[in-house]
Amino acid sequence: MALELGSDVRMIRGIGDKSAKALEKLGIRTCRDLLNHYPRGYEDRTKIVPVAELSEEIGRVAEVTVTSPVRKVRLRSGKVLVQAEAADDSGSLTLNFFNQEYMKNVLSQGETYYVYGKVSGAKFAKDMTNPEVRKKDGEFTGEILPIYPLTDGIRQNDLRKAVRAVLKDTLDAVTDSLPAPVRREHELATVKFSLQNIHYPDSEEALALARKRLIFGEFFTLAAALGMRKNLRKGESTLALDVSCREEFEKSLPFRLTGAQSRAVSEILEDLSSGRVMNRLVQGDVGSGKTAVAAAAAFTVIRNGKQAAVMAPTEILAAQHDETFRRFFEPFGVKTALLTSSTRASERRRILAGLESGEIAFVSGTHALLEESVQIPELSLVICDEQHRFGVEQRTRLARKGNEVHTLVMSATPIPRTLALVMYGDLEVSIIDELPPGREPVKTYLIGEDHREGLYGFIRKTVREGRQAYIVCPLVEENDDLELASAEEYTEELRTRVFPDLRIGLLHGRMKAKEKNGIMEAFAAREIDILVSTTVIEVGIDVPNATLMVVENAERFGLSQLHQLRGRVGRGKEQSFCFLLSEAKGETRARLKVMTATNDGFRVAEEDLALRGPGDFFGKRQHGLPEMRIASFSEDVKTLKIAQGAAAKLLEEDPMLEKEENRLLKKAVKSLSDRLEENR
Ligand code: ADP
Ligand code: MG
């Protein structure tokens, strides 16, 4: 019986229950799944190479004659080793077969064979271990073979055979979700050609065409899925807000908005007055002034008699928002509050009542805001700070406390633009690409231990001039006692030996939120000269008088993280400095060097992404995107851009994918959307 795309893999000849179980571990249940299980590599058996050109990296075929008697050796481990010398005109090698006793009967001296494998060993004493051997009868002809990711219970050859059978029976039934006009415009191969050639490429050229098509298709479907989500949301209507209070608010600020801030405010206010629910990301480098932009949005909402909330990932940051927003809103008599898990019970009761009655119009907080008991009946705007720390799920949970709530996400992680387009494909994006005037770029230096004494001198000088400094010690491991011990010991050394005359504070992850806030407040009030800290200062802290940052063991941080850290200085008008201490050599050193070359968060992010890939870049699973089968967010950026553009264009013509020619795409988008939901 012929296989169909939906057939269970057990229907495939050679796949029994045991193999089926193994396949299931790889997420493969049907023939269709198997077609989508792409090879992780290929073996090039298309040509026979001289022994001299056998490689340690790529499996290749050589044609050799056995030049010695075939020996059988019993090893001390009990294993049997069959061994023979072999050669062609270009060189010789030893063939080793472990636990394949029968090879003694397969090989004979003087005969010629094809052997396939990789070699190891020195130039003149090559070994090939467990090669595949064929009699010279033309079996190794003209095929590039796939190498599949495997799991226990299934062998490479079983998979190859199964895929071959599935291709033969089902390829004709495969439909192309990529609309034909898009395929033609971008000169892409058909899906049938691509599937055939991704598994069994006719040639390297054919493989390249297949890859290109499949990568494009993956990105295209993702971009279309996110774009459609955005279009769906756009449909949600809500009360149009009166945005005429903008001028009044801007006049109350102690500074003039930068052009970029002003543009972002315009975009937001346009959303708020449109009668549609806003889902917008404000992306801007550290210090670009996202808070004032968010405050303009919140002020508008409040002026319209509604409530707004800001949610931050840490208590320190929430407390700081509370302070900043209070300063913005106090002149207008707007009541604000701070709600975290360390808010005292009586205070908490008061705040909950105030929120419920609408008396408190603006609340800052942490995850504590999400609790069931927190009622914000007129909630109309949710601001999420540093969103990559929250799941989309949390964002929406807070928004559900009101009706048709506008969402504003603030991100200081400069995500490479191409990636942002996809990651936040379901949000409108405002970019603040300009720093407030008078900011000098932070001068950054990469130094070694030999400069430590000099550095201490520089710290002293900085403090004498009335400034403050951060010293960051890397977190050894989350909640690790070692972290605490080493940070405490180091602080003690600074206090007693290095700077006995200066005021030194310590901030670390094991402290209670109250303690942390106390220290931060003391630092902000200049009661502390030098703040030693683990990475808890990473996000959002704003003390413009701090102009010096030292990062110990800088090699332990990712570039984007270092950039975030560095953003804590350079917040005032004075020249700020950042010293990265590291003894690292080679590639790690080259990576750190990027920091000394640029202050542009986007460039740092691009480098970081290129070096580490998106998984590490965002922390595992934090990017909220589905696993790609073949496309790579870091390697296929060019294709990503093109696919993104193509999807945007298509959605412009057909926002809900209702046209007949887009029917199959819509189906693919739907199934991807389901996967996205699972991920989030
Ligand atoms: P971030 O984008 O990192 O959240 P903040 O909103 O914390 O940045 O702003 C950083 C600092 O810049 C704050 O001290 C803020 O008061 C100040 N600031 C914001 N906008 C301007 C501006 N247009 N002119 C001058 N200073 C500004
Ligand atoms: Mg901020």
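In each ligand, atom 1 is the first atom listed, and ligand 1 is the first ligand listed. On a predicted model such as this, the values are computed, not experimentally measured, just so you know. No hydrogens, no waters, no symmetry mates; every other heavy atom, side chains included, goes into these values.
When Gly287, Pro436, Ser411, Gly567 are ranked by how near their heavy atoms come to atom 27 (C) of ligand 1, first place goes to Pro436.
Within the structure, ligand 1 has Ser288 among the residues with a heavy atom less than 4.0 angstrom away.
The distance from ligand 1 to the heavy atoms of Arg571 drops below 4.0 Å at these ligand atoms: 3 (O), 7 (O), 10 (C). Shown in contact with Thr258 at under 4.0 Å from a heavy atom are these atoms of ligand 1, numbered in order with element: 23 (N). For ligand 1 and Arg256, the ligand atoms under 4.0 Å from any heavy atom of the residue are 22 (C), 23 (N), 24 (N). Counting the atoms of ligand 1 from 1 in the order shown, those under 4.0 Å from a heavy atom of Leu257 are 23 (N).
Proximity of Met410 to ligand 1, defined as any heavy-atom pair under 4.0 Å, is not found for any part of the residue.
Taking the six-membered ring where tryptophan is involved, the planes of Tyr470 and Phe523 are tilted, since the angle between them lies from 30° to 60°.
Listed by chain and number, the residues in a ring-ring contact (aromatic ring centres under 6.0 Å, His included) with Phe255 amount to none (sequence neighbours excluded).
Taking 4.0 Å as the cut-off between side-chain N and carboxylate O, Arg276 and Glu428 do not count as a salt-bridged pair.
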ring-ring contact (aromatic ring centres under 6.0 Å, His included) between Phe362 and Phe329, worked out: CA-CA 9 Å; Phe362 188 84; Phe329 295 153; 5.3 Å; yes

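When each of Glu250, Glu434, Glu267, Arg246 is checked for a side chain to side chain donor-acceptor pair (under 3.5 Å) with Ser262, only Arg246 meets the rule.
Scanning both residues, Asn599 and His563, for their nearest heavy atoms gives O-CE1, 3.3 Å.
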